[in-house]
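In listed order, ligands and their atoms are each counted from 1. All residue numbers refer to positions in the sequence shown, counting from 1.
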Amino acid sequence: MEGLLQRYADVAGADAVTQLRQLAEPLQGIRVIHVNSTRVGGGVAEILSQLVPLLQELGLDVEWCTIEGNPDFFACTKKFHNCLQGAGDRPSEQDLRIYEKINAENAERLKAVLTEADVVFIHDPQPAALIRYFPERHGIWIWRCHIDVSHPDRSVWRYLRQFLKEYDASIFSLADFARALPHPQYLIAPAIDPFSGKNCELSQNFIEGVVKDFSLDLNRPLLLQVSRFDRFKDPIGVIKAFRLVRSFFPSAQLVLAGGGATDDPEGGAVLAEVRAAAAGDPAIHILELPSDAHRIINALQRAAWIVLQKSTREGFGLTVTEALWKAKPVIGGNTGGIRLQVINHHTGFLVSSPEGAAMRIRYLLERPEQARRMGEKGQKYVRENFLMTRLARDHLTLMVSLLRQEIERIDTTQWKS
Ligand code: UDP
């Protein structure tokens, strides 16, 4: 058995890997393309950087392409993102023209690769309009939505829907997010790779080194939230909760670790708001990390006593999965994909306000044994549900099923049935 698959057999079980091989068998030789808008930063890039090599090792001809945009384009798609998650300024007519123009340019750039593909996965709204420029496409096109679209701004949804309805299928992370679309919709939760720099085991020496570099103290309560600086992640709410906890645990430390995603233009403004809210408090450590600081984030997650993800909207929340995998109790916003992972009172606590978060932080700091047990449950829960082997299995199953349904429509000479 090859490298990645062998390692997966060790953690997810040999049966899981055998099943992947069986599912991959009829897909040998098909050409699969994933398209998103950034190679670094955010959950989608994190998933694709692990899923693509795994599918390649299973013998599929998979390629990951990213679209290219300019600041105006990403400003528009960030407005989409905010409006689809239910809050924010709508894009102007001019924004929409830029969105379509950049999609048209990328369609031209990716023409050969997308025209020939048997299966195309388009991730999130940024490249969603590409489909308009491929009326003669031969493959199956699937829109993969990673964000919380349970309560979208209606006009933005209506605008995007004109593109989305052209797809052959769509995938959402949660049943709550599925929308009325004229094609089959599938529910697939994201997953993490236990061997990536973000999640692999680390030596105690390395963890202590990182803790020291950031002037943290392993012997004092350490609270952590890892997130892009995005208002939906509610970093200000985390600071409020921390201030409430400090009156009971004066030695507590808070780390807000984040960095930019190249497709997120609002990070700088939100970071400035976070700095202002922290007001120079030396117990609040705001870390701006480069997008490849995977092991550093891993070490911070391992050093943390409690991990927070106090989002007010969350598509899935890979940071939650990462923390649970490291056996940390998670206090998460009662929203979206966090609810799939934080099983209230078992793997952590779901909260809806800074006061609620503070109460649960206090509760866990006062009961370290319970915190430890919750962490153990969380790790087991991730092992059973949110490892990359499960995600690869869902993708393979979906492709086998869709290709069999579409057997008449596409050229199947390229792949064995
Ligand atoms: N992440 C990172 N550096 C940062 C902030 C986040 O590497 O400064 C990673 C984080 O560890 C996780 C992903 O980016 O793997 C964020 O995914 P999530 O689903 O939590 O949120 P999204 O950013 O996609 O909304």
Side-chain angles (χ1 to χ4, degrees), residues 36-51 74 77-78 80-82 84-85 123-126 144-149 172-174 177 188-200 202 210 214 224-235 238 255-268 270-271 274 285-302 304 307-326 328 330 332-333 335-342 382 386-388 391:
N36 83 323
S37 58
T38 178
R39 287 219 169 249
V40 288
V44 183
E46 190 79 20
I47 291 164
L48 290 177
S49 64
Q50 315 301 334
L51 179 65
F74 289 121
T77 58
K78 183 70 187 186
F80 283 161
H81 180 91
N82 290 342
L84 289 174
Q85 296 211 125
H123 294 261
D124 281 341
Q126 296 92 328
R144 201 316 175 201
C145 176
H146 293 269
I147 57 183
D148 177 349
V149 288
F172 297 88
S173 297
L174 225 65
F177 301 165
I188 299 184
I192 57 161
D193 178 350
F195 308 112
S196 67
K198 189 65 67 58
N199 297 306
C200 63
L202 294 175
V210 169
F214 291 119
L224 169 72
Q225 175 158 302
V226 175
S227 280
R228 289 179 296 106
F229 290 104
D230 178 311
R231 293 190 185 94
F232 288 120
K233 310 284 184 184
D234 199 16
V238 173
V255 176
L256 290 167
T262 52
D263 60 349
D264 181 356
E266 278 181 358
V270 177
L271 176 59
V274 171
H285 301 254
I286 300 167
L287 310 183
E288 241 192 308
L289 300 175
S291 55
D292 60 354
H294 302 303
R295 279 171 191 267
I296 291 175
I297 289 177
N298 184 344
L300 291 170
Q301 288 167 330
R302 288 180 191 279
V307 171
L308 303 164
Q309 190 56 59
K310 220 204 90 34
S311 309
T312 54
R313 286 276 190 277
E314 190 64 74
F316 182 67
L318 280 178
T319 50
V320 173
T321 335
E322 290 159 6
L324 294 175
W325 179 243
K326 288 154 195 134
K328 302 297 166 178
V330 175
T335 187
I338 295 177
R339 289 191 194 140
L340 269 188
Q341 307 185 71
V342 174
V382 172
F386 302 119
L387 292 186
M388 198 52 69
L391 183 62

K.L.:
For Asp148 and Gln85, indicate whether the former's side chain and the latter's backbone hold a donor-acceptor pair under 3.5 Å.
P.N.:
no
K.L.:
For Arg313, is there an ion pair with Asp230 - N to carboxylate O distance below 4.0 angstrom?
P.N.:
no
K.L.:
Report yes if some N/O of Gly259 lies less than 3.5 Å from some N/O of ligand 1; otherwise report no.
P.N.:
yes
K.L.:
Using a 4.0 Å heavy-atom threshold (strictly under), name the region of Ile297 that reaches ligand 1: side chain, backbone, both or neither.
P.N.:
side chain
K.L.:
Which ligand 1 atoms does Lys198 reach within 4.0 Å, using its non-hydrogen atoms?
P.N.:
2 (C), 7 (O), 9 (C), 10 (C), 11 (O), 15 (O)
K.L.:
Using a 4.0 Å cutoff against the non-hydrogen atoms of Gly43, which atoms of ligand 1 qualify?
P.N.:
13 (C), 16 (C), 17 (O), 22 (P), 23 (O), 24 (O)
K.L.:
Just one of Gln301, Arg295, Arg302, His294 clears the side chain to side chain donor-acceptor pair (under 3.5 Å) bar with Asn298, so which one?
P.N.:
Arg302
K.L.:
Keeping Gln225 on the side-chain end and Lys233 on the backbone end, is there a donor-acceptor pair under 3.5 Å?
P.N.:
yes
K.L.:
Can you tell which part of His146 has a heavy atom less than 4.0 Å from ligand 1: side chain, backbone, both or neither?
P.N.:
neither
K.L.:
Any N or O on Val226 sitting closer than 3.5 Å to an N or O of ligand 1?
P.N.:
no
K.L.:
I'd like the name of whichever of Gln50, Gln301, Lys233 reaches closest to atom 22 (P) of ligand 1 through any heavy atom.
P.N.:
Lys233
K.L.:
Do ligand 1 and His294 have nitrogen or oxygen atoms that lie under 3.5 Å from each other?
P.N.:
no
K.L.:
Does an N or O from Leu318, backbone or side chain, lie closer than 3.5 Å to an N or O of ligand 1?
P.N.:
yes
K.L.:
For ligand 1, which atoms, with element, lie under 4.0 Å from some heavy atom of Gly317?
P.N.:
19 (O), 20 (O)
K.L.:
Mind checking whether Leu289 contacts ligand 1 via backbone (N, CA, C, O), side chain (CB onward), both or neither, at a 4.0 Å heavy-atom cut-off?
P.N.:
neither
K.L.:
Backbone, side chain, both or neither: what part of Gln309 comes under 4.0 angstrom of ligand 1, heavy atoms only?
P.N.:
neither
K.L.:
Roughly how far apart are Lys198 NZ and Glu46 CD, rounded to 0.5 Å?
P.N.:
3.5 Å
K.L.:
What distance do Leu387 atom CG and Gln50 atom CD have between them, rounded to the nearest 0.5 Å?
P.N.:
12.0 Å
K.L.:
Is the contact between Ser227 and ligand 1 made by the side chain, the backbone, both, or neither, using heavy atoms and a 4.0 Å cut-off?
P.N.:
backbone
K.L.:
Does ligand 1 come near enough to Thr319 that some N or O of the ligand is less than 3.5 Å from an N or O of the residue?
P.N.:
yes
K.L.:
Are Phe214 and Leu289 side-chain neighbours, meaning at least one heavy-atom pair lies under 4.5 Å?
P.N.:
yes
K.L.:
For the residue pair Ala304 and Leu224, what are the closest heavy atoms and their distance?
P.N.:
CB-CB, 3.8 Å
K.L.:
Measuring from atom 12 (C) of ligand 1, which candidate in Glu322, Gln85, Glu46 has the nearest non-hydrogen atom?
P.N.:
Glu322
K.L.:
Measure the CD1-CG distance between Ile147 and Leu84 for me, rounded to the nearest 0.5 Å.
P.N.:
4.5 Å
K.L.:
Distance from Asp124 atom CG to Asn36 atom CG, nearest 0.5 Å?
P.N.:
8.0 Å
